[in-house]
Amino acid sequence: MSSKIPVSVLIPAKNEQANLPACLASLSRADEIFVVDSQSTDNSIEIAKSHGVNVVQFNFNGRWPKKKNWSLDNLPFRNEWVLIVDCDERIPPELWEEIDQAIQNKEYTGYYLNRRVFFLGKWIRYGGKYPDWNLRLFQHKKGRYENLHTEDIPNTGDNEVHEHVILQGKVGYLKNDMLHEDFRDLYHWLERHNRYSNWEASVYFNILTGKDDSGTIGANLFGDAVQRKRFLKKVWVHLPFKPILRFVLFYIIQRGFLDGKAGYIYARLLSQYEYQIGVKLYELRNCGGHLNTATTPKEGAEGELLTIDS
């Protein structure tokens with residue numbers, strides 16, 4: 001048996017019985033594993049306990065911090081290094097070998113991992129989905145997720161969505177990929193992105209209203225890969241026809257068509273996702289974030305109550 005690697009793994013979870021077995025099986029090299037659960041109603045907890053890992057319950061109070069930052073603040077990690085892994089992700093053996101070497105390098109306090117995303121059984125290699133760098137391995141005392149001030153947005157969940165880690169020290173990049181493959185069906189993909197679009201609409205709204213972005217990774221065209229994406233998002237929010245542009249960008253310009261039928265479906269779904277963000281942004285800007293609100297109700301000729309669009 002391969003020796004354990006002195007890394008503590010953090011897995012945020014809720015109702016992930018379809019994904020947890022493969023995820024946990026891929027983490028056998030880790031010295032310590034925490035599954036931080038949010039009151040799952042399926043067999044997630046039983047699966048986690050059957051693998052001998054630590055299970056912790058997180059109860060979100062509607063305020064910052066959310067699950068990952070709370071875990072970084074409160075879990076009794078026995079290792080200096082922490083690895084953040086979602087339930088639908090796997091860490092292949094070759095990546096574990098690289099991690100084992102990387103954490104011995106005193107020059108770095110964290111590393112970006114590249115995700116290989118699978119959709120409908122196919123690696124989505126084009127459309128801008130690869131490379132997909134995420135800062136997931138770092139010294140836990142030196143990194144925390146940024147606060148984009150979206151914790152009070154309803155129906156986004158209790159876990160950080162696309163927030164990134166702010167890390168003290170130098171960051172490196174690992175060569176081997178982690179795998180991202182959700183074993184649930186498209187219903188769950190759509191449900192998840194319905195929640196994500198609430199979060200994205202709020203982020204768009206904060207950018208358009210000039211909300212202070214201190215305490216975040218920042219937007220920098222000449223920064224790292226994540227900062228460049230944040231800079232481009234600040235430009236993107238001002239563009240018209242974003243759902244169409246999202247499809248054209250993914251499927252044509254970034255050659256998503258090379259991924260076949262899966263690439264086409266993914267492109268259509270991303271276009272739909274962008275439309276959801278847009279209408280929810282409209283709701284935030286014009287209806288106070290609530291459908292069918294009225295600023296000045298008045299009585300109609302026959303006594304019915306009419307609502308006036310804000």
Side-chain angles (χ1 to χ4, degrees), residues 1-13 19-36 48 51-56 58 65-117 130-146 159-160 162-181 216-217 223-229:
M1 180 181 293
S2 300
S3 61
K4 296 289 185 178
I5 296 173
V7 168
S8 296
V9 176
L10 165 60
I11 307 174
N19 287 314
L20 262 178
C23 176
L24 291 171
S26 78
L27 302 176
S28 61
R29 296 292 305 278
D31 172 65
E32 180 180 49
I33 301 173
F34 286 93
V35 171
V36 183
H51 282 77
V53 305
N54 303 291
V55 178
V56 177
F58 174 67
K66 286 194 171 186
K67 186 184 290 185
K68 291 175 187 174
N69 262 8
W70 178 89
S71 299
L72 291 168
D73 286 339
N74 292 281
L75 294 184
F77 299 118
R78 65 173 176 241
N79 298 293
E80 180 182 28
W81 288 84
V82 66
L83 174 65
I84 313 291
V85 181
D86 289 338
C87 293
D88 54 7
E89 295 172 339
R90 330 275 174 251
I91 306 298
E94 59 272 17
L95 180 53
W96 273 120
E97 293 300 328
E98 189 178 6
I99 289 172
D100 191 19
Q101 296 298 314
I103 62 176
Q104 299 177 46
N105 189 334
K106 303 300 182 183
E107 182 180 0
Y108 299 99
T109 58
Y111 292 93
Y112 280 101
L113 275 63
N114 193 10
R115 290 199 312 177
R116 187 178 296 194
V117 176
Y130 187 86
D132 180 21
W133 295 106
N134 292 263
L135 183 55
R136 297 293 193 86
L137 177 66
F138 55 93
Q139 295 176 14
H140 68 85
K141 292 182 180 180
K142 297 184 178 180
R144 290 296 182 271
Y145 283 84
E146 62 184 344
N159 193 26
E160 290 84 350
H162 295 138
E163 288 89 345
H164 296 284
V165 174
I166 300 175
L167 188 69
Q168 303 171 35
K170 188 175 180 180
V171 182
Y173 292 79
L174 299 187
K175 295 179 181 178
N176 291 286
D177 296 342
M178 66 189 305
L179 308 179
H180 178 284
E181 185 172 15
T216 74
I217 61 167
D224 61 30
V226 177
Q227 289 174 318
R228 288 195 297 273
K229 286 177 69 174

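Count residues from 1 along the sequence.
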J.: Has Trp96 got a side-chain atom pairing as donor or acceptor with Ala30's backbone, closer than 3.5 angstrom?
T.: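 No; zero donor-acceptor contacts below 3.5 Å.
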
J.: How far apart are the C-alpha atoms of Asn159 and Val36, what are their side-chain angles, what is the distance that settles it, and do they pass the side-chain contact (heavy atoms from CB on, under 4.5 Å) test?
T.: CA-CA 10 Å; Asn159 193 26; Val36 183; over 6 Å; no

J.: So how far is it from Ser26 OG to Leu95 CG, rounded to the nearest 0.5 Å?
T.: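 It is 9.5 Å, given to the nearest 0.5 Å.
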
J.: Any donor-acceptor pair under 3.5 Å linking the side chain of Gln227 with the backbone of Ile217?
T.: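 Yes; at least one donor-acceptor contact below 3.5 Å.
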
J.: Does Lys4 reach the main-chain N or O of Ser28 with its side chain, forming a donor-acceptor pair under 3.5 Å?
T.: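 Yes, because the side chain of Lys4 sits within donor-acceptor range (under 3.5 Å) of the backbone of Ser28.
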
J.: If I compare all heavy atoms of Val35 with all of Ala48, which pair ends up nearest, and what's the gap?
T.: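 Closest approach of Val35 to Ala48, heavy atoms only: CG2-CB, 4.1 Å.
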
J.: side-chain contact (heavy atoms from CB on, under 4.5 Å), that's the test. Do Asp86 and Asn19 meet it? Break it down for me.
T.: CA-CA 9 Å; Asp86 289 338; Asn19 287 314; over 6 Å; no

J.: If you compare all heavy atoms of Asp73 against all heavy atoms of Pro65, which two are closest, and at what distance to 0.1 Å?
T.: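 That closest heavy-atom pairing would be OD2-CG, 4.5 Å.
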
J.: Can you see which heavy atom on Phe77 is nearest to which on Ser8, and at what distance?
T.: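 Closest approach of Phe77 to Ser8: CD2-CB, 3.6 Å.
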
J.: Only one of Lys142, Gln139, Arg144 clears side chain to side chain contact (heavy atoms under 4.5 Å, CB included) with Leu167; which?
T.: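 That would be Lys142.
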
J.: Can we say Glu163 and Lys66 salt-bridge, meaning some charged N sits less than 4.0 Å from an Asp/Glu carboxylate O?
T.: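 Salt bridge flag = no for Lys66 with Glu163.
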
J.: Can a salt bridge be assigned to the pair Asp88 and Arg115 using a cut-off of 4.0 Å between side-chain N and carboxylate O?
T.: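 Salt bridge: no.
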
J.: Does Val171 reach the side chain of Asp224, with side-chain heavy atoms less than 4.5 Å apart?
T.: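 Not in contact.
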
J.: Between the main-chain N or O of Ala13 and the side-chain N or O of Lys67, is there a donor-acceptor pair closer than 3.5 Å?
T.: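 Flag set: sc Lys67 to bb Ala13 pair under 3.5 Å.
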
J.: Are Arg29 and Glu97 within salt-bridge range, i.e. N to O under 4.0 Å?
T.: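 The answer is yes: the pair qualifies as a salt bridge.
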
J.: Side chains of Glu98 and Asn176: donor-acceptor distance under 3.5 Å anywhere?
T.: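 Present: a donor and an acceptor within the cut-off.
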
J.: Spell out, as yes or no, whether a donor-acceptor pair under 3.5 Å connects the side chain of Arg116 to the backbone of Leu179.
T.: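 Judged by distance alone, no pair lies under 3.5 Å.
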
J.: Would you give the length of the straight line joining atom NZ of Lys141 to atom OG1 of Thr109, rounded to the nearest 0.5 angstrom?
T.: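 Between atom NZ of Lys141 and atom OG1 of Thr109 there are 14.0 Å.
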
J.: Do the rings of Tyr112 and Trp133 sit parallel, tilted or perpendicular, given the 30° and 60° boundaries?
T.: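 The rings of Tyr112 and Trp133 stand perpendicular, inter-plane angle above 60°.
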
J.: Could you check Leu27, Val7, Asn54, Leu10 and say which one makes a side chain to side chain contact (heavy atoms under 4.5 Å, CB included) with Glu32?
T.: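 Going through Leu27, Val7, Asn54, Leu10 one by one, the side chain to side chain contact (heavy atoms under 4.5 Å, CB included) with Glu32 is satisfied by Asn54 alone.
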
J.: Answer whether the closest heavy-atom distance between the side chains of Val226 and Leu135 falls below 4.5 Å.
T.: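 They are not in side-chain contact.
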
J.: Distance-only, no hydrogens or angles: does the Asn69 side chain make a donor-acceptor pair with backbone N or O of Tyr145 under 3.5 Å?
T.: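 At least one qualifying donor-acceptor pair exists.
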
J.: Could you measure the distance from the OH atom of Tyr108 to the CG atom of Leu137? Nearest 0.5 Å is fine.
T.: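 It is 13.0 Å, given to the nearest 0.5 Å.
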
J.: Please give me the minimum heavy-atom distance between Ile11 and Cys87, naming the atom from each residue.
T.: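 Distance-wise, the nearest heavy atoms are CG2-SG, 3.6 Å.
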
J.: Evaluate side-chain contact (heavy atoms from CB on, under 4.5 Å) for Asn114 paired with Tyr130, printing each intermediate quantity in order.
T.: CA-CA 8 Å; Asn114 193 10; Tyr130 187 86; 3.3 Å; yes

J.: Roughly how far, to the nearest 0.5 Å, is the OH atom of Tyr111 from the NZ atom of Lys170?
T.: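 With rounding to 0.5 Å, NZ (Lys170) is 9.5 Å from OH (Tyr111).
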
J.: For the CG atom of Leu83 and the CZ atom of Phe138, what is their distance to the nearest 0.5 Å?
T.: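 Leu83 CG to Phe138 CZ: 9.0 Å, rounded to 0.5 Å.
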
J.: With a 4.5 Å limit on heavy-atom distance, are the side chains of Asp177 and Pro92 in contact?
T.: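 SC-SC contact between Asp177 and Pro92 ruled out.
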
J.: Quick one: does Asn134's side chain have a donor or acceptor within less than 3.5 Å of a partner on Arg136's backbone?
T.: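 No, Asn134 side chain to Arg136 backbone: no donor-acceptor pair under 3.5 Å.
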
J.: Quick check for you: to the nearest 0.5 Å, what is the distance between Lys229 atom NZ and His162 atom NE2?
T.: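 One finds 8.5 Å between NZ of Lys229 and NE2 of His162.
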
J.: Determine whether a donor-acceptor pair (N or O, by modelled atom type, separation under 3.5 Å) exists between the side chain of His140 and the backbone of Asn79.
T.: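 Checking the backbone N and O of Asn79 against the side chain of His140, a donor-acceptor pair under 3.5 Å is found.
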
J.: Would you please test Val56 and Leu75 for side-chain contact (heavy atoms from CB on, under 4.5 Å) and show each step?
T.: CA-CA 9 Å; Val56 177; Leu75 294 184; 3.9 Å; yes

